[in-house]
Amino acid sequence: MKTVIIGTNHAGIAAANTLLDNYPDQEIVMIDRNSNLSYLGCGTALWVGRQIDGYEGLFYTNEEQFRAKGAEIFMETEVDKIDFDNKTVKAKSKDGEEFDVTYDKLIIASGSKPIIPNIPGKDLDGIHFLKLFQEGQAVDKDMSRDDVKTVAVIGAGYIGVEIAEAARRRGKNVLLFDAEDTSLASYYDEDFTKLMDKNLADNGIELHFSEPATAYEGDANGRVNKVITGKGTYDVDMVINSIGFTANADLGKDSLDTFRNGAYIVDRTQKTSNDDVYAVGDCATIYSNAIQDTTYIALASNAVRSGIVAGHNVGGTKLESPGVQGSNGIDIFGLGMVSTGISVKAAGKNNIEVLYTEYEDLQKPSFIKDDNKLVKIRIVYEKDSRRIVGAQLASREDISANIHMFSLAIQEKLTIDQLQLLDIFFLPHFNQPYNYITMAALKAK
Ligand SMILES: Cc1cc2nc3c(=O)[nH]c(=O)nc-3n(C[C@H](O)[C@H](O)[C@H](O)COP(=O)(O)OP(=O)(O)OC[C@H]3O[C@@H](n4cnc5c(N)ncnc54)[C@H](O)[C@@H]3O)c2cc1C
Ligand SMILES: NC(=O)c1ccc[n+]([C@@H]2O[C@H](COP(=O)([O-])OP(=O)(O)OC[C@H]3O[C@@H](n4cnc5c(N)ncnc54)[C@H](O)[C@@H]3O)[C@@H](O)[C@H]2O)c1
């Protein structure tokens, strides 16, 4: 059996390793247009903000490791067409050599691409995106220029907030713009986003919310020097666009069923509408247990899991994904926030009628004087069924591991009432006897 994998980043790597490690008879061909693989974009802001020594540790594998396992791997090679009828991939190397590769099964792991704001001035120098390692390098280089004093970040989602922090840590004036009236609007409700907005402002970031950029202007050398919005014109020396990702799924758009954003629609085994073609990671849809429907969530964690699922199914072991909750987290200037499932706001957008319960308390009993910070929790549940559909936590303590339990609760359709008397251990070094999870659940109407 010969399997071709297009795209060798997180999803493609997970699929390849699953096949190579478990199904020795498989012939694996991996193709990627990039010169590197396994880059953890999540580390870009840490590196650019000088919170880690450099970028070297942000790669967790390389092409030699796949060759050693027996795969054939072509880097800097672009697939420009797939002939689904003849089960053939048409590729072109960076030297212009064109060649065909046939397959029995195909796994498309072509990922996502940043959404480009289609506004005047978008092609000026000094305007960046942050997806590839090379784009991180370009941002880092530009930020090292002495004449770059003011950085505009367009989009205050996860990438925008993280790179705004990094730019501030590099001593820049930072202007953060978003079309919504808060940061992180798609992940948290207002009570939580307000905490992050204050945190950003307290650390010197100038917030411009409900203020999308409408144009960029440049100097005589064609380098951006102004951001224009409906509310004003701002002098800037550099722009970073981070207004979201969309699926990179052009290769199969005329042959495979696609979602409203173009992602390949897949079933729980990652199979597309073609029996011999699987799609994984950011180029594919995913099943959300919170909304109980197919959706699109671009995360490395989902990419890895979907790659494992596809690998086993292609290898011959039937394995269905349990679906996801879109669990995510962020840590900015010491404020940590984690969420899973849907917020009250997102429930409204999905026409799901919900209630919520919340609680705020110190992590540990008040007699613990050191490292004892406030924790804020909100649990969102469906009004009629009382099924838990989301949770959000914020603290300056590391409370991140709590979110995994809520992820499992959503996956397993537990109700808010089942949480009330859940056995949660107590030790003052860690937590309180009247735990904030228990207290929030007991307060639920
Ligand atoms: C700055 C940043 C920070 C992030 N932080 C986090 C985080 O903290 N946590 C988290 O879970 N997620 C995070 N993400 C999201 C995460 O990186 C993506 O969800 C993940 O990369 C998706 O993996 P993927 O393999 O599906 O796709 P991609 O990483 O997009 O990889 C797709 C691969 O396909 C190749 N390819 C595409 N088209 C072709 C073609 N025609 N021919 C050959 N090769 C092709 C590309 O070169 C690429 O290597 C972050 C992303 C960024 C950019
Ligand atoms: N910590 C993490 O888990 C992490 C970190 C980085 C990226 N990621 C993932 O990578 C993907 C891409 O991240 P992202 O930050 O680009 O997307 P995002 O969806 O997190 O945020 C995009 C932001 O841009 C705003 N926006 C949209 N159009 C706009 C416009 N025209 N003008 C101004 N603002 C506009 C949105 O309101 C939103 O706040 C996401 O799926 C994200 O979850 C995750």
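Atoms considered below: every heavy atom in the structure, side chains included; atoms not considered: hydrogens, waters and symmetry mates. Ligands are counted one by one from 1 in listed order, and the atoms in each one are counted from 1 as well.
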Open item on the list: Can you classify the ring geometry of Phe192 versus Tyr188 as parallel (below 30°), tilted (30 to 60°) or perpendicular (above 60°)?
Closed with: parallel

What are the polar N/O contacts of ligand 1 with the protein below 3.5 Å, with distances?
| unit_1 | atom_1 | unit_2 | atom_2 | d |
| --- | --- | --- | --- | --- |
| ligand 1 | 11 (O) | Ala300 | N | 2.9 |
| ligand 1 | 11 (O) | Ser301 | N | 3.4 |
| ligand 1 | 12 (N) | Ala300 | N | 3.1 |
| ligand 1 | 19 (O) | Asp282 | OD1 | 3.0 |
| ligand 1 | 19 (O) | Asp282 | OD2 | 3.0 |
| ligand 1 | 19 (O) | Leu299 | N | 3.2 |
| ligand 1 | 19 (O) | Ala300 | N | 3.1 |
| ligand 1 | 25 (O) | His10 | N | 3.1 |
| ligand 1 | 25 (O) | Ala11 | N | 2.9 |
| ligand 1 | 26 (O) | Asp282 | N | 2.9 |
| ligand 1 | 29 (O) | Asn9 | ND2 | 2.8 |
| ligand 1 | 30 (O) | Ser112 | N | 3.2 |
| ligand 1 | 30 (O) | Lys131 | NZ | 2.8 |
| ligand 1 | 34 (O) | Ala109 | O | 3.4 |
| ligand 1 | 38 (N) | Asn248 | ND2 | 3.3 |
| ligand 1 | 41 (N) | Val79 | O | 2.9 |
| ligand 1 | 42 (N) | Val79 | N | 2.9 |
| ligand 1 | 44 (N) | Arg33 | N | 3.1 |
| ligand 1 | 47 (O) | Asp32 | OD1 | 2.6 |
| ligand 1 | 49 (O) | Asp32 | OD1 | 3.2 |
| ligand 1 | 49 (O) | Asp32 | OD2 | 2.7 |

Task: Pair Lys69 + Asp21, salt bridge at N-O below 4.0 Å - done: yes

Open item on the list: Can you classify the ring geometry of Tyr187 versus Tyr158 as parallel (below 30°), tilted (30 to 60°) or perpendicular (above 60°)?
Closed with: parallel

Task: Salt-bridge criterion met for Asp276 and Lys105 (N-O under 4.0 Å) - done: yes

Open item on the list: Between Lys226 and Asp237 (salt bridge meaning N to carboxylate O under 4.0 Å), is one present in this structure?
Closed with: no

Task: Test applied, salt bridge (charged side-chain N to carboxylate O under 4.0 Å, His left out); reference residue, Arg378; option that passes from Glu360, Glu358, Glu190 - done: Glu358

TODO: Quick one: list whatever passes side chain to side chain contact (heavy atoms under 4.5 Å, CB included) with Glu63, sequence neighbours left out.
DONE: Leu37, Arg67, Ile73, Met75

Task: Contact residues of ligand 2, where a non-hydrogen atom lies under 4.0 Å away - done: Ile154, Gly155, Ala156, Gly157, Tyr158, Ile159, Glu162, Asp178, Ala179, Glu180, Tyr187, Pro212, Ser242, Ile243, Gly244, Phe245, Ala298, Leu299, Gly329

- [ ] Classify the ring geometry between Phe177 and His208 as parallel (under 30°), tilted (30 to 60°) or perpendicular (over 60°).
- [x] parallel

Donor-acceptor pairs under 3.5 angstrom involving side-chain atoms of residues 245-253: please list them, not counting sequence neighbours.
| unit_1 | atom_1 | unit_2 | atom_2 | d |
| --- | --- | --- | --- | --- |
| Thr246 | OG1 | Asn261 | O | 3.3 |
| Asn248 | ND2 | Ser110 | O | 2.9 |

